[in-house]
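When a ligand or atom number is given, it counts from 1 through the structure's own listing order.
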Amino acid sequence: MSICFRPGLERAFGTFPLKGEELISTFGEAYNVGYRAFDTAQMYENEADVGAAISRHAIKREELFITTKVHPDNYSSDRFLKSVEGSLEKLGLFRVDLLLLHWPDTSGDNRGILELLREAKREGLTEAIGVSNFTARMMKEAQALLDGEVVINQVEFHPLLDQTVLLEASFESGVPLSSFSSVARGAVFRYPDFEQIGETYGKTAAQVVLRWILQKGVTINTMSTKPENIKANFDVMDFVLSSVDMKRIDAFTTTNYRCVDSSKVPWAPEWD
Ligand SMILES: NC(=O)c1ccc[n+]([C@@H]2O[C@H](COP(=O)([O-])OP(=O)(O)OC[C@H]3O[C@@H](n4cnc5c(N)ncnc54)[C@H](OP(=O)(O)O)[C@@H]3O)[C@@H](O)[C@H]2O)c1
């Protein structure tokens, strides 16, 4: 079983764009609700705040599953490992549980950065390695190059976006997907259908959306600043969407609404 699919780790708390005291208190809120997996990145400039949250709330290291991601500015042999050591120092950890390449190499050739990622694991800086925002082709190439060591591809995944190609590639390559922008940064709430479906189960629109993602076989990352939403997003394991409702939600993927593309992020590849 991929480490990211250990019970409890299928629901991670994302920390972007939280910082400072807001991150520290929100982190504590999420921990108290039950989250044990937390997602940060060099790019979020909040790794030190995550470290402060762990120590302020006196959380035992072994309870947590911490993911961070290497910034593309550090994709060179002289910067890569040093940057990961810098992340660990900020986080106050000897190693992270999962280290991701935040974006593919803009050249489209990821061999160099994948080797550096593997080196980080060999040096013990991380327990496991993965990628983010990789296309189907890149995901397959990465898994072949790293002999099956890639445990996750973290990508935008929600009901308003058709990720069939990526899901197929995930099954073929054995690289599981993990979602970000799981509620499409609120865009899913424009559609009353999710709330209507939720009424059958006594669940909210957000919970229906998150459950749909899980039932696609994709782990979830969610972020909220509000205690009631933080709790609701975690409380998605006590119901199962019927195949009829899954199909009804599948139909929304033709909307093809993306939160993140090259107009917002310079490293974004040409999506599948
Ligand atoms: N790998 C990557 O390139 C990448 C890119 C983007 C994000 N991420 C990761 O994924 C995490 C989440 O992604 P995201 O922030 O882009 O998108 P998101 O989770 O879809 O959206 C977050 C927004 O949705 C609202 N929200 C969350 N749960 C809600 C609920 N139950 N009911 C109503 N509103 C709700 C939050 O508002 P309130 O605060 O008001 O609840 C917040 O404004 C990030 O924190 C980050 O860790 C990774």
Review point. How does Ser224 reach ligand 1, by side chain, by backbone, by both or by neither, if only non-hydrogen atoms under 4.0 Å count?
Key: both

Check your understanding: What orientation do Phe16 and Tyr44 show, parallel under 30°, tilted 30 to 60°, or perpendicular over 60°?
Key -> tilted

Point to revise | Min heavy-atom dist Gln207 to ligand 1 below 4.0 Å | key: no

Review point. What protein heavy atom sits nearest atom 3 (O) of ligand 1, and how far away is it?
Key: Asn133 ND2, 2.9 Å

Review point. Would you say atom 20 (O) of ligand 1 has a protein heavy atom nearer than 4.0 Å?
Key: yes

**Study point:** Matching residue for Leu101 among Leu116, Leu114, Asn110 - test: side-chain contact (heavy atoms from CB on, under 4.5 Å)
**Key:** Leu114

Practice item. Answer yes or no: is there a donor N or O on one side and an acceptor on the other, between the side chain of Glu127 and the main chain of Arg95, under 3.5 Å? Key: no

Check your understanding: For ligand 1, is there an N or O atom under 3.5 Å from any N or O atom of Ser181?
Key -> yes

**Study point:** Backbone or side-chain N or O of Asn233 under 3.5 Å from ligand 1 N or O
**Key:** yes

Point to revise | Listed partners of Glu62 passing salt bridge (Lys or Arg N to Asp or Glu O under 4.0 Å), at least two apart | key: none

Review point. Does Thr204 reach the main-chain N or O of Gln207 with its side chain, forming a donor-acceptor pair under 3.5 Å?
Key: yes

Review point. Considering only protein heavy atoms, which is closest to atom 24 (O) of ligand 1, and at what distance to one decimal place?
Key: Val183 CG2, 3.6 Å

